[in-house]
Asks: 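Take this structure first; my questions come after.
Chain naming here is simple, since letters A, B, ... match the order of the sequence lines and numbering starts at 1 in each. Computed from a predicted model, the values in this text were never measured in an experiment.
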Protein chains: 2
Amino acid sequence: MAQADTVTRILDTAEVLFAERGFAETSLRNITSKAKVNLAAVNYHFGSKKALIQAVFARYLDPFTERFHAALDELEAQYAGRVIPLEVLLETMAKTVLDVPAERNSLKVFMRLLGLAYSQAQGHLRRYIQEHYGSVFSRFSDLVRQATPDLPEAERFWRLHFVLGTVIFTLSGLDALRDIAEKDYGEHVSVRDLIRRLRPVVVSAMNAPLPDAPSDSLPAAV
Amino acid sequence: MAQADTVTRILDTAEVLFAERGFAETSLRNITSKAKVNLAAVNYHFGSKKALIQAVFARYLDPFTERFHAALDELEAQYAGRVIPLEVLLETMAKTVLDVPAERNSLKVFMRLLGLAYSQAQGHLRRYIQEHYGSVFSRFSDLVRQATPDLPEAERFWRLHFVLGTVIFTLSGLDALRDIAEKDYGEHVSVRDLIRRLRPVVVSAMNAPLPDAPSDSLPAAV
DNA sequence: TAACGTTTAAAACAAATGTTTATCAACTCG
DNA sequence: CGAGTTGATAAACATTTGTTTTAAACGTTA
């Protein structure tokens with residue numbers, strides 16, 4: 001079947017180029033020439049470049065949300081009404097993120113795409129992701145709320161985004177950082193290595209003491 | 001003097017548009033029309049779009065590095081050979097970051113630009129920043145090293161990037177997050193508010209316990 | 001004042017972009 | 001077999017991009 005082949009070849013090539021150079025910097029001609037398909041094939045199969053971008057995301061996020069929901073189902077059954085500890089929730093999320101792209105051996109691409117989704121202005125993308133995948137995040141947030149009853153509502157919201165920011169940011173900018181790290185230490189780090197390092201940091205961040213009262217008196221430096 | 005006026009009007013407009021939409025998505029015509037200057041003025045005054053981008057960064061980073069160096073000088077004099085505590089170092093950095101753009105009332109723009117510098121592929125930018133401003137970061141890293149003698153070399157390197165990631169990521173994507181937060185809590189957050197929340201999180205992250213040994217045996221979820 | 005370099009203005013440039021069209025091949029199914 | 005759908009191909013489309021060019025206006029200096 002030549003059709004499916006063309007479609008997946010476009011997706012495979014597009015996700016790599018998008019991850020490497022961003023959306024605006026990747027032209028359809030870049031994609032089609034590298035994928036060895038006709039230029040018009042993109043508009044024929046996907047309709048537009050925007051739709052292609054969304055399709056690239058969907059291919060990662062659809063299985064991710066499905067598995068994440070399943071993992072949370074299992075967790076809830078396992079804990080049978082008892083509160084699921086924060087560490088377990090974070091661990092589960094990490095494991096799901098690691099699992100999904102393993103099939104296509106492209107965790108790096110997945111993380112980079114997530115980073116782009118956040119940082120890139122592309123309004124349509126943010127809207128698309130929020131609409132299609134907002135529910136999983138809500139569910140996860142709810143569980144985190146139960147796991148951290150002492151945290152004020154707003155504080156938890158922000159901390160969750162802090163740690164998500166850390167993870168996505170470092171893992172999406174991994175290549176650049178890895179270059180620096182190797183130059184400085186000669187040590188090669190794998191993604192799994194990084195996640196191992198991230199875990200205690202993330203947990204400590206979530207469990208940090210509450211900030212001072214919102215008065216704007218800054219403490220003296222010494 | 002019409003020249004300087006044109007130059008700064010271009011820079012003022014460019015930095016806002018770049019921050020809002022990214023580099024590739026902002027055309028020179030967008031800039032010049034909004035700045036009410038001639039299209040050719042950009043190439044005349046700056047030479048190219050790349051040079052304009054670098055000039056936009058330089059206008060923030062030059063004063064930042066200058067002040068940051070000065071602040072570190074002061075700190076080293078103050079502590080006279082004794083080790084400067086980590087909290088003080090982080091606090092000093094935060095204060096410098098907050099100070100610099102205050103003049104032009106555009107901290108948001110500054111953070112967003114930093115985020116773009118990280119996430120955007122633009123190779124020339126990363127190279128430019130690393131070449132011109134790498135030394136300040138090295139100096140800061142050294143001080144952090146002295147402040148955290150128990151942390152293994154590589155661990156400190158990564159944690160520093162973790163927390164930098166958190167800060168830049170959240171502050172650069174602030175608008176989007178603020179929208180969600182306001183929708184959920186009706187609460188409006190200022191940048192200073194966010195930094196207040198960030199402080200304990202960052203400190204806890206840096207002081208987190210060391211990760212498990214690099215064996216890849218994942219602990220059971222329960 | 002006269003001449004010079006500097007800055008603006010408007011137009012034109014070549015190149016690259018996303019998208020559409022028209023034509024042809026391949027396969028399906030009655 | 002043959003009508004009809006589906007996909008692939010190449011060409012063309014209209015825009016938009018960064019950059020240059022040409023001309024005029026301005027301001028400084030001799």
Asks: With ring centroids as reference points, do A/F68 and A/F140 lie under 6.0 angstrom apart?
Replies: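 Yes, the ring centres sit under 6.0 Å apart.
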Asks: Does a donor on one side chain and an acceptor on the other come within less than 3.5 Å for B/D62 and B/Y133?
Replies: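 Looking only at side-chain atoms, B/Y133 and B/D62 do form a donor-acceptor pair, the distance falling under 3.5 Å.
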Asks: Just wondering, do B/D73 and B/R139 contact through their side chains at under 4.5 Å, heavy atoms?
Replies: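 Of all side-chain heavy-atom pairs linking B/D73 with B/R139, at least one is under 4.5 Å.
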Asks: Within this structure, what is the CZ-to-P distance between B/R21 and D/dT16, rounded to whole angstrom?
Replies: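 About 13 Å, once rounded to whole Å.
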Asks: Could you list by number each residue of residues 27-43 of chain B showing a heavy-atom separation from DNA chain C of less than 4.0 Å, or answer none if no residue does?
Replies: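 Here the set is B/R29, B/N38, B/A40.
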Asks: Using atom NE2 of A/H124 as one end and atom C1' of C/dG18 as the other, report the distance to the nearest whole Å.
Replies: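 Interatomic distance, NE2 of A/H124 to C1' of C/dG18: 13 Å.
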Asks: Looking at B/F23 versus B/H124, is the centre-to-centre ring distance below 6.0 Å?
Replies: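 For B/F23 and B/H124, the ring centres are not under 6.0 Å apart.
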Asks: Could you state the atom-to-atom distance from OH of A/Y44 to C1' of C/dC24 in whole Å?
Replies: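 About 14 Å, once rounded to whole Å.
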Asks: Nearest whole Å is fine: how far is C/dT19 C1' from A/K49 NZ?
Replies: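 So the NZ-C1' distance, A/K49 to C/dT19, works out to 12 Å.
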Asks: Report the C-alpha separation of A/T96 and A/D99 in whole Å, then their side-chain angles, then the decisive distance to 0.1 Å, and conclude whether the side-chain hydrogen bond (donor to acceptor under 3.5 Å, both in side chains) test is met.
Replies: CA-CA 5 Å; A/T96 310; A/D99 255 27; over 6 Å; no
Asks: Could you tell me how far apart A/E25 (CD) and C/dA16 (C1') are, to the nearest whole angstrom?
Replies: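 Distance check: A/E25 CD to C/dA16 C1' gives 14 Å.
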Asks: Using ring centroids (six-membered ring only for Trp), state whether A/F137 and A/H161 fall under 6.0 Å.
Replies: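 Between A/F137 and A/H161, which both carry aromatic rings, the centre distance is below 6.0 Å.
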Asks: Could you tell me how far apart B/L17 (CG) and D/dT17 (P) are, to the nearest whole angstrom?
Replies: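 Answer to the nearest Å: 12 Å.
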Asks: Can you check the B/D5 CG to D/dC26 P distance for me, whole Å?
Replies: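 Computing the B/D5:CG to D/dC26:P distance gives 16 Å.
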Asks: Quick one: is D/dA8 close enough that its OP1 or OP2 comes under 4.0 Å of any side-chain N or O from A/T6?
Replies: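 It does, given that an N or O in the side chain of A/T6 lies less than 4.0 Å from OP1 or OP2 of D/dA8.
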Asks: State whether A/H45 places a side-chain N or O below 4.0 Å from either non-bridging phosphate oxygen (OP1 or OP2) of D/dA8.
Replies: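 Checking A/H45 against D/dA8: at least one side-chain N or O falls below 4.0 Å of OP1 or OP2.
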